[in-house]
Amino acid sequence: MANRAAGISLGALAAALVLAGSPAQAMCSIGSPPIVADFQRQVNADPARALAAITAQLARKDLGRIDRAWLYAAQALAYSTLERSEDEVVAANAGLALAPSPRDAPHMELLAQLAFGQSDPAALKPIADRIKAARRFVTPNSIEDICSRAVIGSLSREPVAEIRELGAAYRLAIQQGMAEQRALLAIDVAGVLMKAGDSAEALALIDEGERWARANNLTFLTASTAFRRAMTHTGMKDFVSSIGGFDTAYRLSLSLGNRNFAAFAVMSKCQSLLSLKRFGEAEGACNEAERLFGDDQMARPRLMAYRSRIAYGLKRYPEAVALTTAILEAPASRSAIKFPLYQTRGMAQAGLGNFREAYADMKRYADMYRDDIEAKKSREAATLASQVEIERQVDRNKALEREVVFEQERARYERQRLILLGGVAGALALALALFLWMGRRHRRALEALASSDGLTGLPNRRHATEQGSVALARAADARSPLSLGLIDIDYFKRINDAEGHAAGDAALRDLSAILKSAVRRSDVIGRWGGEEFLLMLPGLSAAETAEVLGRIRAEALRLERPLRFSAGIAAAAAGERDLEAVVARADAALYEAKRSGRSRTVIAADASPSPDRRGEPEGAPQEAGAPA
């Protein structure tokens, strides 16, 4: 559900938005009978239209108790997506009245929606306890197991428990081949990683969710992933990139009639524009957000805070003072957002020449900022203990540096006698540092030469083998799929003979560039030798790898000098760790692709997962692609 926290001042804006959360994200669907089989996906495509269809179904008189309870669960999900929390709770309770037992199929989903609709944090613990109790009746590794884990993780107040449960649910979804749940959970895990500061991995997971949303024409989920990507860019202080994401979320949500989501998106755009000091554009964005929120008072303090910053930036100092004072004196004003307001008001008071008031506000800001930093460190300690310790050490170092400055001021006359000696020592230290830096640079250059192919820049065979062995071991430990492909350019000798070796080298570089652009961070690619390349795709089956190779083949055929290639694919057996065996199966499949006409992909027969059967002959390869 949307986290209602907000930050105001320019110094706190980026971090506050990351922690502020997005509009409601539908959780991983637990499953349902045919009567509501498509409603969860419809909600992610067009929640308003889905809600109308669900409500029409509930008006039927011929529904059984459990079918009606499932419809209430779908209705609650639609309300959640539309940010109508009170209606969500009503729908969830209506469904639970029809399915009160943990053995009732929709019971778990209804509990999840009841939890996500709560505005009172104190109400979450008893609901979480009911969900944990209901898990006793869940089949291990089932969709109910996966999604109830995700719900418990999302409701957890402990960062460690949150990432543990969500991560376990995500891995189970991968292992069980549940594409929809995997995509939705990737988005939720990205939110946790974003708060933890791992922006790069968060963006990769958001991309995974967005690809699935676009492939299934889920407009609302596409808008939600655009919003989350923009939030991640904001946390990285890449405000220019974030504006485009917020615009996409705003446009898509308006096309669905979801004004509340659009309001969140344009309000967040206002915040990014503020960070770039584009105050006029920020004012327009905040005006649009206020129009879309209408009578909803939830975001008013945050909008007022942004307006106060805009007023200060446009030198409308009396307005900035009035707005910040109104928020600070409001009974519901929370200490979590007060200290940036004191900063804004202090600067505005200074602009008016009221320096006594400005000093008082800036002192309050400094004191509260220090307290907030200490509180934030305590909150982060559970999951980021080492990083927090580093941050604490940085703070200690800064305090020590301040003490040293004072000592230096008092002892500056004594230190003057040591200037010459200090200069000599500094020069020696600089020379030593330069020597060490040159040594490290030389060593890195040698390592790069030893591990990279000089022509294509790809890992060479030795380095690709090392990376591939690690990837295969990880897949075996996680019991997750992994497929390996070998690619061989067709008639490569003809290119060298007809056009020269420079043309052959250009062809190798062109295919290498396509491979680099087609892979993820977790994939392994390398030049295997001559015109042959290796590609390892953790998490993908052989059929999915064939689809990837199909896209690579299409790109290769669009080159100025079109390239055709043959490919062989082998999937690692569950728990398999012998890279040479997997490569051998892929090589046999590649040979079959060459033998049967080239310009095609062949999938090797699956290997036996039993170590006692490694000596048995493998089945014939299976063709996975027609000639291009």
Side-chain angles (χ1 to χ4, degrees), residues 3-21 195 231 234-235 237 239 267-283 285-287 289-290 293 297-380 388 391-392 394-395 398-399 402:
N3 185 331
R4 313 301 187 192
I8 314 301
S9 79
L10 206 59
L13 285 175
L17 183 59
V18 171
L19 297 175
K195 289 186 291 186
M231 287 173 59
T234 301
K237 301 187 184 303
F239 302 110
M267 181 172 66
S268 301
K269 176 184 176 181
C270 173
Q271 191 261 4
S272 290
L273 289 167
L274 267 175
S275 299
L276 295 171
K277 298 184 179 181
R278 291 156 60 176
F279 299 110
E281 295 174 73
E283 188 167 35
C286 276
N287 287 341
E290 187 168 26
F293 276 122
Q297 299 296 311
M298 175 187 63
R300 185 165 299 279
R302 185 171 168 187
L303 279 170
M304 288 178 66
Y306 288 170
R307 287 189 180 282
S308 71
R309 191 68 189 188
I310 291 168
Y312 171 77
L314 296 176
K315 298 185 178 180
R316 302 197 304 247
Y317 301 133
E319 180 184 348
V321 171
L323 286 169
T324 51
T325 301
I327 305 172
L328 289 168
E329 294 180 355
S333 181
R334 293 176 299 162
S335 61
I337 65 171
K338 278 186 176 180
F339 73 85
L341 292 170
Y342 281 119
Q343 182 193 38
T344 300
R345 191 171 71 175
M347 292 187 297
Q349 291 282 22
L352 292 170
N354 302 328
F355 298 111
R356 184 184 299 274
E357 292 83 354
Y359 175 79
D361 278 341
M362 294 305 288
K363 186 176 186 305
R364 291 192 193 97
Y365 164 73
D367 292 341
M368 296 180 76
Y369 182 79
R370 182 182 61 250
D371 294 342
D372 181 75
I373 290 295
E374 291 301 321
K376 187 177 296 183
K377 289 175 184 175
S378 298
R379 290 193 300 268
E380 292 173 348
V388 170
E391 291 175 3
R392 289 183 185 277
V394 168
D395 287 344
K398 289 180 178 178
R402 287 193 294 270

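Along the sequence shown, residues carry numbers from 1.
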Should the pair [X]-[Y] be classified as a salt bridge under the 4.0 Å nitrogen-to-oxygen rule?
{"X": "R364", "Y": "D367", "answer": "no"}
{"X": "E319", "Y": "R307", "answer": "no"}
{"X": "E283", "Y": "R316", "answer": "yes"}

Once rounded to the nearest 0.5 Å, what's the spacing between atom [atom1] of [X] and atom [atom2] of [Y]?
{"X": "Q343", "Y": "D361", "atom1": "CD", "atom2": "CG", "answer": "10.5 Å"}
{"X": "C286", "Y": "Q271", "atom1": "SG", "atom2": "CD", "answer": "9.5 Å"}
{"X": "I310", "Y": "C270", "atom1": "CD1", "atom2": "SG", "answer": "4.0 Å"}
{"X": "S268", "Y": "L274", "atom1": "OG", "atom2": "CG", "answer": "11.5 Å"}
{"X": "Y342", "Y": "M368", "atom1": "OH", "atom2": "CE", "answer": "6.0 Å"}
{"X": "L323", "Y": "R309", "atom1": "CG", "atom2": "CZ", "answer": "13.5 Å"}

Main-chain N/O of A322 paired to T325 side chain as donor or acceptor, under 3.5 Å: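 A pair under 3.5 Å: no.
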
Could you go through the side-chain contact (heavy atoms from CB on, under 4.5 Å) check for M267 and Y306 one step at a time? CA-CA 9 Å; M267 181 172 66; Y306 288 170; 3.9 Å; yes

If I compare all heavy atoms of [X] with all of [Y], which pair ends up nearest, and what's the gap?
{"X": "L273", "Y": "A285", "value": "CD1-CB, 4.2 Å"}
{"X": "G346", "Y": "M362", "value": "CA-SD, 4.1 Å"}
{"X": "A305", "Y": "L341", "value": "CB-CD2, 3.8 Å"}
{"X": "V321", "Y": "A348", "value": "CG2-CB, 3.7 Å"}

Atom pairs and distances, donor-acceptor, side-chain atoms in residues 350-358, under 3.5 Å, two or more places apart:
| residue | atom | partner | partner atom | Å |
| --- | --- | --- | --- | --- |
| N354 | ND2 | Q349 | OE1 | 2.8 |

For side-chain contact (heavy atoms from CB on, under 4.5 Å), just list the numbers for L303 and F293, CA-CA rounded to whole Å, side-chain angles, deciding distance to a tenth of an Å, and then say yes or no. CA-CA 10 Å; L303 279 170; F293 276 122; 4.0 Å; yes

Before giving the answer on side-chain contact (heavy atoms from CB on, under 4.5 Å), spell out for K277 and F279 the whole-Å C-alpha distance, their side-chain angles and the decisive distance to 0.1 Å. CA-CA 5 Å; K277 298 184 179 181; F279 299 110; 3.9 Å; yes

